[in-house]
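One structure is given here, and the rest of the page talks about it.
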Amino acid sequence: MRISEAAALALATRLLDEHGTPRDHAVLQARVLVTAEMKGHPSHGLQRLPRLIERIERGLIDPETKGTQRWRADAILDVEGSSGFGPVVAMAAIERLATHIPDLGIGLVAVRNANHLGMLAHYVEAIAALGFVGIALSSSEALVHPYGGTRAMLGTNPLAIAVPTAGKPLVLDLATSLVPMGRIHHHAATGRPVPEGWARDADGHPTTDAVRAKAGAIAPFGDAKGYGLGIAMELLVAALAGSALAPDVRGTLDSRSPCNKGDVFILIEPSLAQGLPARLSAYLDAVRASPPSETGEPVLVPGDRARKRLAVASRDGFDIDQRLWEDLNALSRSRVLAFEGLRS
């Protein structure tokens, strides 16, 4: 079924509000989920909302906190997430650090024990909008098998980079796994098999069964290259944030455990070289104008496809699984009825 951006934001915000979330926190968390849907990534979208609600109800998310911030060094802001919403904790820290970047030139936020961030593009786009180069890293449960292995030992360990230009920024957002685990969950929830080569089951055998893949391991992207980048980022995030390593991480895909993964955000003042933003934009346009490998399929640069999808979804709405939409509405109605019962 097709819904509008406004309807999705209203329902997600209302659900979070009904569960004790301050309005500004609810709006931010809802925006991150809905934007993922609009960009064509439902694995990071509204399917995560019921789990967030359940985590609030179980006391695994503190909807009011922005975490506890302290300066570990002049350019390093250390954040204890205190089980807050990932977007709320992250954006509060980024906004605080950003005010210091004109003096520092570069700064880093290291977060531990905050909840799931959603798509990392949201954060680097926000950093680029402030005029800075943005880099974001995050860790997760052990979901990826090493190259040459069969058991999940690494997180999906996503990376995002945004570089401001005279026009739209370049925005790269990728996981070091072949696909995010949320995508496996989306296939399982919608009853679809996963393509060959995506995953192994709990016994280490290749599988196309999404349910069996959930209990197994995802392949690293690019074989040894993705594995090497993933394990380097595993150690990098843990070393900077003081967070758990993948085999001990919990809480991004369940409703039973406190979330103890790590997040790192880097803000960098770009060069003041005259005409640099225009030169960057001209280079990206030259890449777009280069000969395509297939007629009618123009060359894109990172961020183009997501922006196009976002614009279309903003204008025309976007598709969502009807059962999920009905379940979300039922969650909201049941909460309202519960409050009415308490009043009567």
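Note that these values count all heavy atoms, side chains included, but never hydrogens, waters or copies made by symmetry.
Proximity of P164 to F132: side-chain heavy atoms (C-beta onward) are nowhere separated by under 4.5 Å. Taking the side chain as every heavy atom from C-beta outward, T150 and H145 never approach each other to under 4.5 Å. Side-chain contact between I56 and F85 is present, with at least one heavy-atom pair separated by less than 4.5 Å. Contact of the F318 side chain with the I3 side chain is registered, since non-hydrogen atoms from C-beta on lie closer than 4.5 Å. Between I184 and V179, the closest side-chain pair of non-hydrogen atoms falls below 4.5 Å. Looking at heavy atoms from C-beta onward, D62 lies out of side-chain contact with S82 at the 4.5 angstrom threshold. In this structure the side chain of M91 reaches within 4.5 angstrom of the side chain of H122, judged on heavy atoms. Looking only at side-chain heavy atoms (C-beta outward), M119 and T35 stay at 4.5 Å or farther from each other.
For the pair T165 (side chain) and G167 (backbone), a donor-acceptor distance under 3.5 Å is present. Although no hydrogens or angles enter the test, the distance criterion places a donor-acceptor pair under 3.5 Å between the side chain of K261 and the main chain of N115. Formation of a donor-acceptor pair under 3.5 Å by the E141 side chain with backbone atoms of T252 is found in this model. Of the possible polar contacts, one joining the R48 side chain to the S43 backbone as a donor-acceptor pair under 3.5 Å is found. No donor-acceptor pair under 3.5 Å is formed between the side chain of D17 and the backbone N or O of R23. Remark: side-chain polar atoms of T65 are paired, donor with acceptor, to backbone N or O of G67 under 3.5 angstrom. Side chain of R2 to backbone of G317: a donor-acceptor contact under 3.5 angstrom is found.
Considering CD1 of I94 and CG of L77, their distance stands at 10.5 Å, rounded to 0.5 Å. Between the CD atom in E37 and the CG atom in L49 there is a gap of 10.0 Å [rounded to 0.5 Å]. Atom CE of M153 is separated from atom CG of L143 by 12.0 Å, given to the nearest 0.5 angstrom. For the atom pair CG of L117 and OG of S140, the computed distance is 11.5 Å after rounding to the nearest 0.5 Å. Interatomic distance, CZ of R250 versus OG of S257, reported as 6.5 Å (0.5 Å rounding). Atom OG1 of T68 is separated from atom CD of E80 by 6.5 Å, given to the nearest 0.5 angstrom.
Within a 6.0 Å sphere centred on CZ of R307, other residues, nucleotides and ligands contribute more than 12 heavy atoms. For K39, the NZ atom is densely surrounded, since the number of other residues' heavy atoms within 6.0 Å is greater than 12. The 12-atom threshold is not exceeded at CG of D74, counting heavy atoms of other residues, nucleotides or ligands nearer than 6.0 Å.
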For residues 285-293, which side-chain N or O atoms pair as donor and acceptor with protein atoms under 3.5 Å away, sequence neighbours left out?
from: D285; atom 1: OD1; to: R288; atom 2: NH1; distance (Å): 2.9
from: R288; atom 1: NE; to: D304; atom 2: OD2; distance (Å): 2.8
from: R288; atom 1: NH2; to: D304; atom 2: OD1; distance (Å): 2.9
from: S290; atom 1: OG; to: V287; atom 2: O; distance (Å): 2.6

Please tabulate, one pair per line, all N/O donor-acceptor pairs under 3.5 Å involving side-chain atoms of residues 228-248, not counting sequence neighbours.
from: E234; atom 1: OE1; to: G155; atom 2: N; distance (Å): 3.0
from: E234; atom 1: OE1; to: N157; atom 2: ND2; distance (Å): 3.0
from: E234; atom 1: OE2; to: A246; atom 2: N; distance (Å): 2.8

Identify each donor-acceptor pair in which a side-chain atom of residues 96-109 lies under 3.5 Å from a protein atom, sequence neighbours left out, and give them as a table.
from: R96; atom 1: NH1; to: Q69; atom 2: OE1; distance (Å): 3.0
from: T99; atom 1: OG1; to: R96; atom 2: O; distance (Å): 2.8

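Contact between G197 and A219 at its shortest, heavy atoms only, is O-CB, 3.6 Å. Listed here is the closest heavy atom pair of A30 and T13: CB-OG1, 3.4 Å. Between G216 and A152, the shortest heavy-atom distance links the atoms O-CB, 3.9 Å. Nearest heavy atoms, P258 versus L60: N-CD2, 3.7 Å. Across every non-hydrogen atom of A114 and C259, the tightest pair is O-SG, 3.3 Å. Heavy-atom minimum distance, P220 versus G226: CB-C, 4.1 Å.
Criterion: ILVMFWY side-chain heavy atoms under 4.5 Å apart, direct or through other members. Under it, L11 and L9 are part of a common hydrophobic cluster. Residues L328 and I61 share a single hydrophobic cluster, defined by chaining ILVMFWY side chains whose heavy atoms lie under 4.5 Å apart. Linking ILVMFWY side-chain heavy atoms closer than 4.5 Å, directly or via other members, places M1 and V34 in a single hydrophobic cluster. L52 and L15 fall within a single hydrophobic cluster, where Ile, Leu, Val, Met, Phe, Trp and Tyr are joined by side-chain heavy atoms under 4.5 Å apart, directly or via other members. If you chain together hydrophobic residues whose side chains sit under 4.5 Å apart, Y123 and I135 never meet in one group.
Test L28, I53, V27 against L16 for side chain to side chain contact (heavy atoms under 4.5 Å, CB included) and you get one pass: I53.
Counting only N and O atoms by type, the side chains of H25 and E64 include no donor and acceptor under 3.5 Å apart.
Salt bridge status for D254 with R55: present, with a side-chain N to carboxylate O gap under 4.0 Å. R31 and E5 are joined by a salt bridge, as a carboxylate oxygen and a charged side-chain nitrogen come within less than 4.0 angstrom of each other.
Listed by first and then second residue, the side chain to side chain donor-acceptor pair (under 3.5 Å) pairs that reach into residues 213-222 come to none, sequence neighbours excluded. Listed by first then second residue, pairs satisfying side chain to side chain donor-acceptor pair (under 3.5 Å) with a partner in residues 169-190 read Q47-H186, T190-R192, not counting sequence neighbours.
V124 belongs to a hydrophobic cluster whose remaining members, ordered by chain and number, are V171; membership requires side-chain heavy atoms of ILVMFWY residues under 4.5 Å apart, directly or through intermediates.
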